[in-house]
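Remarks on the structure that follows.
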Amino acid sequence: MRNPSPSQNAEESHASSPAKLTSIQKEAVAKGIDLNALPHHVAIIMDGNGRWAKGKGFARLLGHREGYRTLRSALLNASELGVKYLTVYAFSAENWRRPEDEVAGLMKLIETAAKDELRAMHQNNVRICVAGRIDHVPEGLRKALLHGIETTKNNTGITFTLAINYGGRAELVDAIKAIINSGVPAESVTEEMVGQHLYNPTHPEPDLMVRTAGEMRWSNFLIWQSAYCELFVTDVPWPEFSKKELLEAVATFQKRTRKFGAVVE
Ligand code: FPP
């Protein structure tokens, strides 16, 4: 991220005076976006790095490196727009099936990013969280993530969650194990209780899920939490995802009627 911007605080940013709006907020307003009805929690499946690289004759890892650059600007844009939670799928529990050199390269890239970006993220008031079985990621990466979480735990700007070695089914299995271990009788188990045993129980559920590179799948991402979230799929591969697609996703979100199973007249 770049260094502190005038406002990282959604409440401040929504002030009525246009002069107080960040540049992306001004663009959003010009596109008809209502800053008081932004998605609270945006989740992103960052897909298409490999295809983007292949299309340009590059190695797949170069696609991931470009994906990292995109992620930096997506975090800054989401934060300056006023989104309060951004969760990204950086490495799934299934991604270990990829070639060894790609897995090692991705782990190293995420570790380098976690170290290199920490200072700027902290200055920008970003709170870092992770989702996933991080006990099983390489030690250097695990330490960098835990250090980032600890350093930024009291920050009040956007909450940025990296899903690493994450699987939605694995998260549910971990929640069920924790509930059983707590000794709760089966008949007392409730949906709220499951929610309280997820990796980040205080995060609101995502209300907008963005997927790049055109696939119409959830891919085991936040499957419990996204029960009622709106899906926005763009054909643009992740390395080319820009402010334009983010605003398009938000504008589309605002046109949807959210019914949560009820009837809305
Ligand atoms: C999916 O594209 C992308 C991933 C599995 C990794 C996402 C990683 C990044 C964006 C790199 C930076 C991340 C951090 C946290 C610094 P794909 O390789 O499956 O694309 P393909 O379907 O075209 O092959």
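Counting starts at 1 for both ligands and their atoms, following the listed order. Along the sequence shown, residues are numbered consecutively beginning with 1.
Side-chain atoms of Trp238 come within 3.5 Å of backbone atoms of Gly67 as a donor-acceptor pair (strictly under, hydrogens ignored). For the pair Gln254 (side chain) and Asp34 (backbone), a donor-acceptor distance under 3.5 Å is present.
Interatomic distance, CD of Glu215 versus CG of Asp235, reported as 9.5 Å (0.5 Å rounding). Residue Ser242 holds its OG atom at 9.0 Å from CD of Glu248, rounded to the nearest 0.5 Å.
Contacts with ligand 1 closer than 4.0 Å are made by side-chain heavy atoms of Arg98 only, the backbone lying farther away. Contacts of Arg65 with ligand 1, taken as heavy-atom pairs under 4.0 Å, are absent altogether. Contact annotation for Trp238 and ligand 1: only side-chain heavy atoms (C-beta onward) come within less than 4.0 Å of the ligand. Contacts with ligand 1 closer than 4.0 Å are made by no heavy atom of Thr70, backbone or side chain. Heavy atoms of Val88 found under 4.0 angstrom from ligand 1: none, in either backbone or side chain.
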Pair up each side-chain donor or acceptor in residues 185-193 with any protein partner under 3.5 Å, not counting sequence neighbours, and list the distances.
from, atom 1, to, atom 2, distance (Å)
Thr190, OG1, Met193, N, 3.1

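Ring orientation note: the planes of Tyr85 and His40 are tilted relative to one another, at an angle of 30° to 60°. The aromatic rings of Tyr89 and Tyr166 sit perpendicular to each other, their planes meeting at more than 60°, with 30° as the lower class boundary.
Polar contact with ligand 1: absent for Leu109 (N/O pair, distance under 3.5 Å). Residue contacts with ligand 1: Trp52 is placed with no nitrogen or oxygen under 3.5 Å of a nitrogen or oxygen of the ligand (distance criterion only). The distance criterion of under 3.5 Å between nitrogen or oxygen atoms is not met by Asn95 with respect to ligand 1. Polar contact check, Leu106 against ligand 1: no nitrogen or oxygen pair lies under 3.5 Å apart.
Atom 3 (C) of ligand 1 has its closest protein heavy atom at Met46 O, 3.1 Å. In this structure, the protein non-hydrogen atom closest to atom 16 (C) of ligand 1 is Ala113 CB, 3.5 Å. For atom 15 (C) of ligand 1, the closest non-hydrogen atom on the protein side is Leu162 CD2, 3.4 Å. Atom 9 (C) of ligand 1 has as its closest protein heavy atom Asn49 ND2, 3.7 Å. Among all non-hydrogen protein atoms, the one lying nearest atom 4 (C) of ligand 1 is His64 CE1, 3.9 Å. If you check which protein heavy atom lies closest to atom 22 (O) of ligand 1, you get Arg51 NH2, 2.9 Å. Of the protein's non-hydrogen atoms, Ala90 O, 3.3 Å is the one closest to atom 6 (C) of ligand 1.
Proximity to Tyr68 (heavy-atom distance under 4.0 Å) selects the following atoms of ligand 1: 12 (C), 16 (C).
Trp218 has its ring centre no less than 6.0 Å from the ring centre of Phe221.
By the 4.0 Å N-to-carboxylate-O rule, Lys143 lies close enough to Glu139 to be salt-bridged with it.
Listed by chain and number, the residues in a side-chain hydrogen bond (donor to acceptor under 3.5 Å, both in side chains) with Glu66 are Arg69 (sequence neighbours excluded).
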